[in-house]
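All remarks here apply to the structure that follows.
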There are 2 protein chains.
Amino acid sequence: MTLETVSTNKAFGGVQGVYRHASSATGTDMTFSVFVPPQALAGAKVPVVWYLSGLTCTHANVTEKGDFRRACAELGLIFVAPDTSPRGEGVPDDPAGAYDFGLGAGFYVDATEDPFAANYRMYSYVTEELPALIAANFPADMGAQAITGHSMGGHGALTIALKNPDTYRSVSAFAPIVSPLRCPWGEKALTGYIGGDRTGWRRYDATALIEDGARVPDILVDQGGADNFLEGQLKPALLAEACEAAGIPLTLRMQDGYDHSYYFISTFMEDHLRWHAARLA
Amino acid sequence: MTLETVSTNKAFGGVQGVYRHASSATGTDMTFSVFVPPQALAGAKVPVVWYLSGLTCTHANVTEKGDFRRACAELGLIFVAPDTSPRGEGVPDDPAGAYDFGLGAGFYVDATEDPFAANYRMYSYVTEELPALIAANFPADMGAQAITGHSMGGHGALTIALKNPDTYRSVSAFAPIVSPLRCPWGEKALTGYIGGDRTGWRRYDATALIEDGARVPDILVDQGGADNFLEGQLKPALLAEACEAAGIPLTLRMQDGYDHSYYFISTFMEDHLRWHAARLA
């Protein structure tokens with residue numbers, strides 16, 4: 001697995017890098033960013049926080065706008081931001097070019113439906129291929145991993161943590177899609193990637209996974225009260241119900257006046273990193 | 001002076017806004033951003049930090065990548081980021097479309113040469129028109145203003161502070177052009193905007209202003225050691241020499257390994273805001 005360095009910039013005493021590699025999971029080149037904090041430059045292996053981005057994003061959005069580096073440098077955390085889908089010539093997109101399916105909208109699933117099954121394997125990419133690449137190329141303590149994400153990436157973080165409780169020691173999300181089974185974004189994506197049989201969708205739905213027995217120690221969710229997608233797509237009450245029924249401690253913070261943007265995410269990023277650092281220590 | 005709100009987003013308890021207005025100084029519409037911290041939303045007037053951006057930038061670069069909001073929210077500072085030039089149809093640009101003159105490269109001067117004199121009046125815009133607009137529309141304590149900037153904007157901050165010591169109570173800069181008289185960027189810009197007579201340039205050169213008697217209480221400058229423009233354009237030693245000769249306390253911090261990007265700026269933004277807050281208190 002050869003890693004190409006796209007760029008590195010010193011920041012907050014660490015190194016913010018952008019890297020590219022040929023992915024066997026997706027059959028495409030994939031680009032991602034990694035911040036390595038100063039503690040790791042000094043030789044130590046440090047915990048890893050995964051950040052999964054939302055619809056339309058690449059690694060670049062959080063890398064430029066996420067305000068995570070100061071806290072990661074203080075807390076000694078590697079911060080990894082993958083892309084949200086395969087990209088490149090020959091990768092099928094939404095037939096109508098919509099923003100909520102296809103390019104930029106991989107939903108962190110392994111697609112089974114043609115023509116998407118060949119490339120849209122973001123679940124395997126994020127949970128297997130990219131972690132192996134990180135372990136081989138960065139000073140990462142892979143025994144201490146946490147995962148978070150925004151919107152579609154919050155869905156990714158919740159489902160991946162619930163399905164891999166031995167891998168991720170903590171999980172949080174910013175304005176996550178909590179139940180793709182019960183929102184238009186999720187219904188469109190899972191129909192397209194997984195097919196019309198909804199029983200197959202349950203392994204990609206945080207609330208269904210919890211109903212079906214998946215457990216994590218606790219969950220932190222921040223949700224903006226002025227988020228345009230709150231009622232139609234995100235529906236955090238569904239996660240609260242599932243966690244309540246399952247006895248999973250959920251810290252759900254409704255943040256009055258905040259929208260769905262990186263202005264919201266960056267405001268609460270430090271809180272999430274401290275949440276994870278406390279559980280990774 | 002009518003102000004159009006382009007966008008507002010809640011962030012760090014305050015409001016990050018982008019605004020547009022018809023500028024009499026430049027004869028064009030101008031866009032700028034303002035962060036109002038939570039202290040001011042509660043009714044208090046708070047100090048103002050001006051941030052002048054570098055070549056090619058608009059208000060958006062620092063607004064998205066500057067990592068200034070957390071510290072401004074803590075310290076109670078309004079943060080204003082103007083554009084770097086007039087823009088729009090009919091505004092003359094560099095004849096060859098170069099990045100270092102014309103659009104995105106106003107150099108914070110009032111041009112006297114045709115065809116630039118009509119619109120390129122960024123000195124008047126930043127020191128007179130925009131402050132009046134801020135005073136009229138935001139909870140700003142205009143008796144407590146500070147100014148900083150990056151590269152070309154660092155040049156702007158230094159020269160504006162030196163020429164208006166009663167207006168700006170503190171000044172700092174990130175990787176500033178310290179002497180346009182003695183670097184290719186400055187020579188090209190001042191020739192184009194002010195004309196070939198170098199005596200007229202001295203009022204737009206921080207080192208010349210100091211030599212000619214201008215004074216500020218002290219100056220903070222951060223400069224990346226791995227900045228590609230350090231030796232050819234920025235030359236902080238010239239500022240150090242001028243300050244030394246004039247008895248102006250200069251804190252010039254060479255930051256090993258840092259480049260000219262917002263990864264550098266964001267790393268040291270908090271230090272600069274604390275520097276200003278201490279002098280605005």
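In the text below, chain A, chain B and the rest are named by the order of the sequence lines, each starting its count at 1.
Comparing B:A73, B:A11, B:G66 by heavy-atom pairs within less than 4.5 Å of chain A, the highest count is held by B:A11.
Residues of residues 254-281 of chain A placed with any heavy atom under 4.5 Å of a heavy atom in chain B are listed by number as A:D256, A:G257, A:Y258, A:D259, A:S261, A:Y263, A:F264, A:S266, A:T267, A:E270.
Both the backbone and the side chain of A:E64 come within contact range of chain B, judged by heavy atoms closer than 4.5 Å.
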Throw together a table of side-chain donor-acceptor distances under 3.5 angstrom for residues 52-62 of chain B, partners on residues two or more places apart or in other chains.
residue : atom : partner : partner atom : Å
B:T58   : OG1  : B:A60   : N            : 2.9
B:N61   : OD1  : B:T58   : N            : 3.0

